[in-house]
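Working notes, beginning with the structure itself.
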2 protein chains.
Amino acid sequence: MDTRQRIINVAKSLFHNRSYADVGIKEICDKAEIQKGSFYHFFSAKRDLVLAVIEDFAQDWAHGFVHEAFDSRLPPMERIDYLIDAAYFWQKAAKNLEGHMPGCLFGNLALEISTQDDVLRAKLTAVFLMAKERFKCTLDEAVASKKIAPLDTERTAEAMLAYLEGMILIAKASNDPETIYRLGSALKSIRIERNA
Amino acid sequence: MDTRQRIINVAKSLFHNRSYADVGIKEICDKAEIQKGSFYHFFSAKRDLVLAVIEDFAQDWAHGFVHEAFDSRLPPMERIDYLIDAAYFWQKAAKNLEGHMPGCLFGNLALEISTQDDVLRAKLTAVFLMAKERFKCTLDEAVASKKIAPLDTERTAEAMLAYLEGMILIAKASNDPETIYRLGSALKSIRIERNA
DNA sequence: TCTTGACTTGACCGGTCGGTCAACTATAAC
DNA sequence: GTTATAGTTGACCGACCGGTCAAGTCAAGA
């Protein structure tokens, strides 16, 4: 089996469930059943690994539940309900497995390392930008088909992403996936008017 | 000068600008100009320190800009505008000082350690609960004085807090305090209806 | 003056950190 | 059968980690 990918998978899980600084390379190597030397054959530094993890997880995400949620066959505003559902079930499943809600890997890493590494930060903003675009397209479509009143789709999309991340943050802090359900319905109420 | 408080102040700043795991006790002692032994006279462990830091910062917060923002002499919904302003100027000032937006200490810690320490997590949820109550009182007052249509003030308050944290997260990820300005106006648009 | 106890010092501990390296193995090309 | 190269091994490095401790300082109370 592909060693490099195995390292990434192990690191992804550990970083997501704990934190970047808290997880050591030794532990990653042990769980991936390789030696340290092998690790440094594939990655020049720990920082390199987390970059690869972000990239990999962004792909998972884009082709996984984000792709399903933003399915263009669904009516636009229903996609947002679907997204909340997907986030809820995902976090709930993860909690049942590990005992704790892991939250959003990108959000976690963003808060942990944004002040310390601008390259990693830029990588994360690129992921957020991608997510924002999904929201924006959905909103544009909803406006075009007169499902919702016109608004500043760019800013509203950004605000929706922020709300999604914030909801997950609060849910993680109380280790309660139900928070996502309880607060999810407000996502569609968020509006930023044009020229506001 | 009070050594214990000096340790807390140094730790508060370092934890806020970096992360819990990234800051070592040695560094805290150096910056506070004390020896390690002194540190362990006041705190039994690093974990004890961060507990004290959360407590201390929650006090700062409650008596500082939260107290100002939720000033009962202001019309209720204007308090929320004030809060956004305060958050914006605070983050902007911090960025000018350190080069990076530190974000919200509570949010940062929540995502870093929620999966690893349930006592710390509980401490943080208590802080969030307090903040939520402020929002709730404000909303109750706004509803009572017919400034806004009736809604589920409990849930909406929680949603507003989540949005605030999410906004700060996204702003920190792009290291751009202007994000708070750009997205701030949506805070008041958040609504969760009763019996929804 | 003697004692007490809060506070401070700085050397020290075992363990772990991220990272290096020379040697080895397995595979495939020629 | 030789060579090149990708991948792997495990010992090793210095630095740093959180935490301990015996020895000392110093001010207040008796």
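Naming: A, B, ... by sequence-line order, numbering from 1 per chain. The structure displayed is predicted, hence computed values, not measured ones.
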Respond yes when some side-chain nitrogen or oxygen of Thr3(B) is under 4.0 Å from OP1 or OP2 of dC7(C), and no when none is.
-> no

Measure the shortest side-chain to side-chain distance between Ser174(B) and Thr179(B) over non-hydrogen atoms and say whether it is less than 4.5 angstrom.
-> yes

Going by atom types only, do Thr153(A) and Asp140(A) share a side-chain donor-acceptor pair under 3.5 Å?
-> yes

List in chain and number order the residues that pass salt bridge (Lys or Arg N to Asp or Glu O under 4.0 Å) with Arg182(B), two or more places apart in sequence or in another chain; answer none if no residue qualifies.
-> Glu158(A), Asp176(B)

Check whether any side-chain N or O of Gln35(A) sits under 4.0 Å from OP1 or OP2 of dT8(D), and answer yes or no.
-> no

What's the OH-P distance between Tyr20(B) and dC17(D), to the nearest Å?
-> 13 Å

Check whether any side-chain N or O of His41(B) sits under 4.0 Å from OP1 or OP2 of dC7(C), and answer yes or no.
-> yes

Does Ala11(B) have any side-chain contact (heavy atoms from CB on, under 4.5 Å) partners at least two apart in sequence or in another chain, and if so, which?
-> Phe15(B), Ile28(B), Leu49(B), Val53(B)

Write out all pairs satisfying side-chain hydrogen bond (donor to acceptor under 3.5 Å, both in side chains) with one or both partners inside residues 50-62 of chain A, taking only residues at least two apart or from two chains.
-> Gln5(A)-Asp56(A), Lys12(A)-Asp56(A), Lys12(A)-Asp60(A), Glu55(A)-Gln59(A), Glu55(A)-Lys123(A)

Report the distance from atom CZ of Arg4(B) to atom P of dC7(C), rounded to the nearest whole Å.
-> 11 Å

How many Å lie between CD1 on Ile34(B) and C1' on dA11(C), as a whole number?
-> 16 Å

Are Lys46(B) and Tyr20(B) in a cation-pi contact, defined as NZ or CZ under 6.0 Å from the six-membered ring centre and within 45° of the axis?
-> yes

How large an angle, rounded to 10°, do the end axes of the helix from dT1(C)-dA30(D) to dC30(C)-dG1(D) enclose when each is built from five base pairs?
-> 10°

Check the distance between dT8(C)'s C1' and Glu33(B)'s CD and give it to me in whole angstrom.
-> 14 Å

How close or far is atom P of dG19(C) from atom NZ of Lys26(A), stated in whole angstroms?
-> 16 Å

Between the protein and nucleotides 19-21 of chain D, are there any N/O to N/O pairs under 3.5 Å, and if so, what are the atom names and distances?
| from | atom 1 | to | atom 2 | distance (Å) |
| --- | --- | --- | --- | --- |
| dG19(D) | OP2 | Tyr40(B) | OH | 3.0 |
| dG19(D) | OP2 | Lys46(B) | N | 2.9 |
| dG19(D) | O5' | Tyr40(B) | OH | 3.4 |
| dG19(D) | N7 | Lys36(B) | NZ | 3.1 |
| dG19(D) | O6 | Lys36(B) | NZ | 2.9 |

Would you say Ile192(A) and Leu151(A) make side-chain contact, with heavy atoms under 4.5 Å?
-> no

By side-chain contact (heavy atoms from CB on, under 4.5 Å), which residues pair with Tyr40(A), not counting sequence neighbours?
-> Ile25(A)

Any side-chain heavy-atom pair of Asp22(A) and Glu112(B) under 4.5 Å = no

Starting at atom CZ of Phe43(A), determine the distance to atom C1' of dG19(C), rounded to an integer number of angstrom.
-> 15 Å

Grab the CZ-C1' distance between Arg6(A) and dG7(D) for me, whole Å please.
-> 12 Å

